[in-house]
Amino acid sequence: MFVVKIGGSKGIDYDAFVRDLAQYRDYVLVHGGSSQLEEIATKLGKPPVFVTSVSGFTSRYTDRETLEIFNMVYAGKMNKMLVEKLQHAGVNAIGLSGLDGRILEGRQKEALKIIENGRKKILRGDLSGIIERVNTQLLKLLLDHGYTPVLTPPAISYEGVAINVDGDRCAAQIAVALKAERLVILSNVPGLLRDPQDPQSVIERVTRDQIEAFIETYARGSMKKKLLAAQEALDGGVKEVLLGGARGEAPLTKTLQGMGTRIC
Amino acid sequence: MFVVKIGGSKGIDYDAFVRDLAQYRDYVLVHGGSSQLEEIATKLGKPPVFVTSVSGFTSRYTDRETLEIFNMVYAGKMNKMLVEKLQHAGVNAIGLSGLDGRILEGRQKEALKIIENGRKKILRGDLSGIIERVNTQLLKLLLDHGYTPVLTPPAISYEGVAINVDGDRCAAQIAVALKAERLVILSNVPGLLRDPQDPQSVIERVTRDQIEAFIETYARGSMKKKLLAAQEALDGGVKEVLLGGARGEAPLTKTLQGMGTRIC
Amino acid sequence: MKRVECPECGSEVELPADVVENEILTCDTCGIELEVVSLNPLKVALAPEEEEDWGE
Amino acid sequence: MKRVECPECGSEVELPADVVENEILTCDTCGIELEVVSLNPLKVALAPEEEEDWGE
């Protein structure tokens with residue numbers, strides 16, 4: 001059993017990705033949709049607002065209206081596009097968000113510590129949070145009956161409110177909960193790069209205890225969260241995390257064959 | 001077991017509806033989203049195009065781009081809004097489109113006969129169709145494990161392509177497939193009206209063999225399709241179809257208690 | 001006045017002067033419904049059978 | 001210069017002249033993080049603890 005996370009950035013050929021994925025068995029697919037969200041939210045007159053955490057993570061400020069657009073893009077457009085393509089390729093896919101059957105459940109962040117114009121501040125009302133429970137019974141029930149789950153944020157808080165959670169860390173939590181051997185994260189970068197400007201500078205191997213240091217040195221933007229997700233997966237018992245490129249032909253197979261960064 | 005269909009038109013208080021629905025057990029919810037679709041499609045620069053069939057039905061022309069917006073509004077915004085509210089009310093809802101696990105499968109219409117500027121024409125490339133199969137195994141599997149399915153178009157064609165299908169007729173097919181006793185359709189009109197301008201002119205009782213005649217005489221616009229759905233449900237073994245208003249407090253309970261039109 | 005042969009019964013079918021592509025015509029002789037598949041070259045075929053069903 | 005009492009250790013905490021609502025300040029005496037809950041009336045409270053986790 002393995003978990004694949006595919007990003008939502010521009011330039012990914014989802015037909016090629018699905019053709020590649022359809023050859024495999026016994027996996028759960030998790031997907032993002034961030035670039036689509038930005039585009040559509042802006043068209044709907046609600047351009048995304050980003051905040052920076054005290055330790056440098058950047059993330060979206062998710063108010064109620066943004067969450068509705070988030071559902072439209074992630075659970076609507078991206079999820080059903082992938083389900084349709086997988087069904088067309090003969091895979092009996094079933095698309096679900098974390099809300100459905102409480103597949104991804106957790107705690108809404110009470111407040112966030114952010115930096116705004118150089119000041120440290122508390123930000124409230126942000127509908128984002130941390131996943132603490134995965135409904136593995138439902139996922140196994142579906143897998144055992146021949147369905148391939150295609151999962152997406154948002155998650156649901158214990159109070160039953162939708163919360164925005166990071167897709168990479170969703171994938172890590174799902175991999176841990178399902179005791180998957182491997183987590184593969186495919187995105188618009190070919191792996192962890194020594195020099196972010198040089199796509200050839202992929203770091204091929206990272207050990208568990210190098211992760212914290214690499215988060216500080218090499219990782220930029222969302223790659224920080226991918227390394228954090230890798231750390232959580234390994235600490236939760238997943239044997240191997242692979243970071244590879246999502247573009248072009250057979251992205252999954254190439255990453256499984258060693259193209260990209262191997263973390264274990 | 002019964003099936004409830006809630007429309008997507010303006011002025012429906014979904015919190016009141018969910019509070020009412022949460023008291024019941026052993027049901028499947030189907031929902032629409034047409035007014036939201038129009039609003040959001042227009043904002044995204046793709047206002048809906050409507051066509052009129054040779055026998056007077058009006059419907060949306062669904063090209064590829066419209067279908068993507070359709071997924072965003074139905075499977076994204078409306079579906080996850082209802083799932084979130086139901087979860088918040090303690091109902092373990094699971095939101096699915098007809099694509100997921102091929103719950104709603106059928107035939108894409110090869111061509112449509114429409115009237116355009118007074119001429120009878122054939123229209124191709126419309127991604128709409130007819131449902132011919134419902135994945136009752138999946139629905140029963142979920143119901144038996146305590147989940148409440150919240151279903152929405154689109155459906156999927158045998159070739160694995162998403163197709164736009166009418167929500168009311170989806171609900172009818174699901175009711176027949178699950179051998180439900182009752183189908184309840186809640187919308188922005190209090191029932192079948194003798195005079196469409198007079199909300200007090202609800203026709204309380206309609207027999208099976210009056211349906212065809214009433215489609216011609218009393219029914220306007222989408223009410224024609226609701227009567228067609230009622231006919232299909234009754235012919236498929238459903239004992240009773242109720243048409244009631246979706247607005248205000250306890251819309252389902254009021255309709256079950258006789259407010260609206262009873263067809264059997 | 002443009003004419004075309006009815007694929008069903010072979011008789012001649014008159015086309016309206018302002019006929020458009022995909023227009024449905026009825027053969028007055030045998031009553032079958034025809035579709036103007038293309039204008040140039042002028043081609044007609046039996047109109048597909050479809051019952052009423054529409055999406056949302 | 002506005003001052004306020006640190007709810008943790010009771011010592012006086014100086015507020016920057018251009019302090020804004022929800023700003024985080026640190027009590028120099030005990031080092032605890034405080035949040036400026038409101039400006040008028042001026043109120044501070046212990047800043048909530050949150051580890052790093054962000055949505056999409």
Side-chain angles (χ1 to χ4, degrees), chain A residues 33 36 39-40 43-46 64 67-103 105 135 137-138 141-142 144-150 152-154 156-163, chain B residues 33 36 39-40 43-46 64 67-103 105 135 137-138 141-142 144-150 152-154 156-163:
Chain A
Q36 290 283 332
E39 197 188 304
I40 289 167
K43 268 192 197 164
L44 293 175
K46 179 80 187 160
R64 194 66 223 172
L67 199 69
E68 264 178 28
I69 302 171
F70 188 99
N71 280 338
M72 287 166 58
V73 174
Y74 282 67
K77 180 169 185 175
M78 293 298 293
N79 191 263
K80 300 318 169 195
M81 175 271 287
L82 285 166
V83 167
E84 183 186 19
K85 288 186 189 302
L86 283 164
Q87 288 283 357
H88 191 65
V91 177
N92 200 352
I94 180 166
L96 298 158
S97 77
L99 294 165
D100 299 300
R102 292 180 175 262
I103 288 179
E105 196 171 19
N135 185 347
Q137 292 77 9
L138 177 55
L141 183 70
L142 295 171
D144 294 348
H145 284 78
Y147 297 102
T148 297
V150 178
T152 179
I156 189 164
S157 71
Y158 298 115
E159 298 79 23
V161 170
I163 47 176
Chain B
Q36 291 284 329
E39 199 187 304
I40 289 167
K43 270 192 196 165
L44 292 175
K46 178 81 185 156
R64 193 66 220 169
L67 199 70
E68 266 178 26
I69 301 172
F70 188 99
N71 279 339
M72 287 166 58
V73 174
Y74 281 68
K77 181 169 183 174
M78 293 298 293
N79 191 262
K80 300 319 170 194
M81 174 271 288
L82 285 166
V83 167
E84 182 185 20
K85 288 187 190 300
L86 283 164
Q87 288 284 355
H88 190 65
V91 177
N92 201 351
I94 181 166
L96 298 158
S97 75
L99 294 167
D100 300 300
R102 292 180 176 262
I103 288 178
E105 196 171 16
N135 185 347
Q137 292 77 7
L138 177 54
L141 183 69
L142 296 171
D144 293 349
H145 284 78
Y147 297 101
T148 297
V150 178
T152 179
I156 190 164
S157 70
Y158 297 117
E159 299 78 23
V161 169
I163 48 177

Exercise. Which atoms of B:Val83 come close to chain A, meaning under 4.5 Å heavy atom to heavy atom: side chain ones, backbone ones, both, or neither?
Worked result: side chain

For this session: Name the region of B:Leu138, side chain, backbone, both or neither, that has any atom closer than 4.5 Å to a heavy atom of chain A.
Result: both

For this session: Heavy-atom pairs under 4.5 Å with chain A are the metric here; pick the option from B:Leu141, B:Leu86, B:Asn79, B:Ile103 that has the most.
Result: B:Leu141

For this session: Compare every heavy atom of A:Met72 with every heavy atom of B:Ile40, then report the nearest pair and how far apart it is.
Result: CG2-CE, 3.6 Å

For this session: Heavy-atom distances under 4.5 Å only: say whether B:Ile156 touches chain A with side chain, backbone, both or neither.
Result: side chain

Problem set entry | Contacting region of B:Ala162 [heavy-atom separation from chain A under 4.5 Å] | both

Exercise. Relative to chain B, which of A:His145, A:Lys43, A:Met78 shows the most heavy atom pairs under 4.5 Å?
Worked result: A:His145

Exercise. Taking A:Glu68, A:Met81, A:Arg102, A:Gln137 one by one, which has the highest count of heavy-atom pairs under 4.5 Å against chain B?
Worked result: A:Arg102

Seminar exercise, completed: Which of B:Thr152, B:Asp100, B:Asn71 passes side-chain hydrogen bond (donor to acceptor under 3.5 Å, both in side chains) with A:Lys80? Answer is B:Asp100

For this session: Would you mind telling me which of A:Glu159, A:Glu84, A:Lys85 has the largest number of heavy-atom pairs within less than 4.5 Å of chain B?
Result: A:Glu84

Problem set entry | Whether A:His88 side chain and B:Val161 backbone form a donor-acceptor pair below 3.5 Å | no

Exercise. Can you tell me how far the CD1 atom of B:Ile94 sits from the CG atom of A:Asn135, to the nearest 0.5 Å?
Worked result: 8.5 Å

